[in-house]
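Comments concern the structure below.
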There are 2 protein chains.
Amino acid sequence: MRRRATIADVARAAGVSPSTASVVFSGKAPVADATRERVLAVAAGLGYTGPDPRAASLRRGRSGIVAVALEEHLRTAFLDPIKTATMDGLTDGLAELGAGVLLLRDDPEAGSDAPTLATAPIDAAVLIGCSGRMRETLQAVRSRGLPVVVIEGDAGDDVPRMELDNGEAAAQIAHHVRALGHRDIAVVTLPFDGAKVRGDATPERIASITTPVTSARLEGTLSVFPDARVVSAASSLIDEGLIAGRMLFADPLTRPTAVIAQSDLLAAGVIRAAEEAGLRVPEDVSVAGFDGIAVDGLGEHVLTTAVQPAVEKGRAAGDAVARMLAGEQAASIRFTCTFREGTTTGPAPVRQPLS
Amino acid sequence: MRRRATIADVARAAGVSPSTASVVFSGKAPVADATRERVLAVAAGLGYTGPDPRAASLRRGRSGIVAVALEEHLRTAFLDPIKTATMDGLTDGLAELGAGVLLLRDDPEAGSDAPTLATAPIDAAVLIGCSGRMRETLQAVRSRGLPVVVIEGDAGDDVPRMELDNGEAAAQIAHHVRALGHRDIAVVTLPFDGAKVRGDATPERIASITTPVTSARLEGTLSVFPDARVVSAASSLIDEGLIAGRMLFADPLTRPTAVIAQSDLLAAGVIRAAEEAGLRVPEDVSVAGFDGIAVDGLGEHVLTTAVQPAVEKGRAAGDAVARMLAGEQAASIRFTCTFREGTTTGPAPVRQPLS
DNA sequence: TTGTAAGCGTTATCAT
DNA sequence: ATGATAACGCTTACAA
């Protein structure tokens with residue numbers, strides 16, 4: 001087989017100019033019916049199935065592709081209900097714009113030549129959960145002049161952000177817990193950074209948190225409970241909450257009466273750990289989450305949590321990209337979480353005085 | 001601001017040829033350190049951040065992007081645990097190959113100019129759950145000479161397929177149910193086609209099923225229970241199973257003693273419907289699923305089901321694409337499901353004779 | 001190690 | 001309604 005036919009071949013065989021043939025396929029200008037028929041017939045005969053998208057996108061300066069960069073391994077992202085809900089809204093918003101979604105990882109393995117924000121043929125980028133490490137790649141994208149929108153992250157003041165009132169919502173949960181009489185509190189946090197460290201956090205480590213969501217929620221909680229014990233999880237998974245919960249409930253004398261988890265999945269794990277330790281929720285220990293998703297395996301419990309508008313966040317990001325691509329300005333949007341009191345928090349138990 | 005700097009501008013300003021500048025960025029040939037430094041410095045000065053991916057991909061003939069086409073709306077796909085598991089394996093396999101994943105819908109709305117298999121700058125395509133409608137688009141891709149792999153679908157004999165032994169596994173479940181003494185059976189199927197019709201199916205409709213998974217599993221079941229009542233669901237969701245279950249359990253006189261659902265989610269819905277109708281599972285009615293995923297809200301039940309290797313399926317598809325891109329042949333693979341007996345199937349209840 | 005030159009396949013512009 | 005032509009920005013033989 002010879003080389004693939006091009007639009008020039010088709011044009012020549014049909015006895016028209018390349019521009020006419022091009023127009024037949026793009027429909028961007030009127031063409032005589034007879035001419036179109038002929039071109040199409042010739043194209044079919046040559047096995048030409050339409051313009052090469054690579055060439056078209058070079059010429060047009062648009063590829064019709066928007067990158068969605070995730071901080072973590074894609075496998076992890078798909079497991080996170082909040083991310084999928086956000087993606088859902090996002091793909092919706094982008095579809096209206098006529099763009100496809102290219103899934104990208106923030107940090108492709110060094111050796112791999114997988115596409116990155118800097119090397120992929122994209123028209124714009126949406127970063128989900130952008131933290132420090134992403135900054136320099138981001139710089140490359142921005143200096144290419146491509147629109148960038150950030151969901152739950154910080155990429156500088158001139159990059160539109162779609163974010164939550166994480167601090168306020170976390171504080172609201174904390175207030176609720178304090179109003180119930182709790183004084184011995186533990187916080188189970190989302191990851192501090194890419195390092196996936198697990199366990200009790202020192203003040204220094206807390207000061208060095210690079211993940212904006214983690215630090216905003218933590219600040220909200222600590223504003224109410226400055227002395228809370230802080231334990232970080234390596235990712236937002238039930239199993240991670242389980243591990244953290246086991247740590248917290250290991251010593252009956254020092255265990256908290258309430259645990260504030262930074263995600264519903266973590267909270268579900270903490271609850272499981274509590275039950276494993278023979279503690280009743282909420283009679284012996286209260287547990288609160290964050291996100292407002294449906295969690296598997298919680299049984300009859302309804303989590304006390306902050307419900308976030310995840311789909312709307314994604315859709316708003318898509319809309320912002322569309323606007324920027326159209327040359328307009330796009331503003332940051334701050335979404336509001338809704339506090340939901342469930343059945344997993346209750347009055348603080350009365351401590352037995354040490355006789 | 002003037003037009004964006006190109007590699008030619010950089011080369012000129014650095015006093016080298018374009019090819020040298022190109023090599024500095026691609027690293028495909030040795031360059032004197034001094035030269036590289038100079039080029040890089042000049043590039044930085046001009047705000048040049050590397051080759052335009054669109055131009056590079058035209059020249060190279062590769063874009064580094066593989067399309068993953070889903071039949072349904074992305075939102076729906078993400079809700080399906082099997083699809084996410086498959087995507088998980090797939091993105092893994094493709095990452096090794098160094099390709100990005102472009103999420104595509106099979107059937108973009110007519111008005112939208114969203115990219116399609118025919119118009120996106122892709123190097124290959126993976127179709128998940130390809131049914132009839134996708135065929136013609138597919139034709140365009142194949143005649144562009146791009147590798148195509150299909151997961152759970154049929155795109156012609158020369159397109160490698162990653163599939164399950166759906167028929168055998170379904171038959172195995174049916175045998176299990178029959179061995180328990182059941183004779184009054186209902187099947188709750190996955191969608192027949194894109195139409196999302198719901199309810200009792202006529203033989204004609206059954207004959208016209210275009211979704212391969214649905215028809216393969218159904219044939220397996222009918223091979224054991226030729227007279228089973230067949231009810232189709234509009235999609236693989238717990239709520240759909242619930243709707244189907246309500247239909248089945250509406251009339252105590254005609255209700256089946258066992259329901260074979262084509263997915264675990266549907267089975268979970270059927271179980272919920274049974275409990276809603278005051279029926280105990282499995283004492284009054286047995287329910288079996290398909291997939292082997294963890295389902296939310298099943299309580300203490302362990303579903304009797306066929307466990308499929310979803311992640312492996314995806315990864316194998318990624319590997320197949322890699323092989324085809326390397327010019328090798330890729331063969332179809334048929335994965336085997338594992339029957340798992342749970343607690344949702346039991347002996348058929350003894351019918352009260354009508355006195 | 002660096003330079004020359006020839007495209008990659010398309011589409012926008014401007015005539016005709 | 002159609003045609004001629006010039007980019008779009010880069011890469012890679014091949015030559016020096």
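Numbers restart at 1 for each chain; the letters A, B, ... are given by sequence-line order, proteins then strands. Note that this is a predicted model, so its numbers are computed, not measured.
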Minimum side-chain heavy-atom gap A:Val149-A:Leu127 below 4.5 Å | no
Is it the case that more than 12 heavy atoms not belonging to A:Asp157 sit under 6.0 Å from its CG atom?
-> no
Rounded distance (Å) that lies between atom P of D:dA6 and atom CZ of A:Arg59 = 13 Å
Could you verify whether a donor N or O on one side chain and an acceptor N or O on the other, from A:Ser22 and A:Ser19, lie under 3.5 Å apart?
-> no
For B:Arg54, report the nucleic acid contact type (base, sugar-phosphate, nothing); a contact means any heavy atom under 4.0 Å.
-> nothing
Intermediate values then yes/no, salt bridge (charged side-chain N to carboxylate O under 4.0 Å, His left out), A:Arg315 and A:Asp88 | CA-CA 8 Å; A:Arg315 168 168 275 283; A:Asp88 180 11; over 6 Å; no
In terms of side-chain geometry, is the basic nitrogen of A:Arg54 or B:Asp123 positioned less than 4.0 Å from the acidic oxygen of its partner?
-> yes
Indicate yes or no for a side-chain donor-acceptor contact from A:Thr86 to the backbone of A:Ile82 under 3.5 Å, with no hydrogens or angles considered.
-> yes
DNA chain C: 5'-most and 3'-most nucleotides touching chain A, 4.0 angstrom heavy-atom criterion = C:dG9 to C:dA12
B:Arg12 atom CZ is separated from D:dC10 atom P, nearest whole Å, by 12 Å
Please indicate whether B:Glu328 has more than 12 foreign heavy atoms, meaning atoms of other residues, nucleotides or ligands, lying under 6.0 Å from its CD.
-> yes
Round to a whole Å and report the spacing from CG of B:Asp52 to C1' of D:dC10.
-> 8 Å
Under a 4.0 Å N-O cut-off, is there an ion pair linking A:Arg144 with B:Asp52?
-> no
A:Phe25 near the nucleic acid: base, sugar-phosphate alone, or nothing, with a heavy-atom cut-off under 4.0 Å?
-> nothing
Between protein and nucleic acid, restricted to nucleotides 1-5 of chain D and to nitrogen or oxygen atoms under 3.5 Å apart, what atom pairs and distances do you find?
from: D:dT2; atom 1: OP1; to: A:Thr35; atom 2: OG1; distance (Å): 2.3
from: D:dT2; atom 1: OP2; to: A:Ala32; atom 2: N; distance (Å): 2.7
from: D:dG3; atom 1: OP2; to: A:Ser17; atom 2: N; distance (Å): 2.8
from: D:dG3; atom 1: OP2; to: A:Thr20; atom 2: OG1; distance (Å): 2.9
from: D:dG3; atom 1: N7; to: A:Ser19; atom 2: OG; distance (Å): 3.2
from: D:dA4; atom 1: N6; to: A:Ser19; atom 2: OG; distance (Å): 3.0

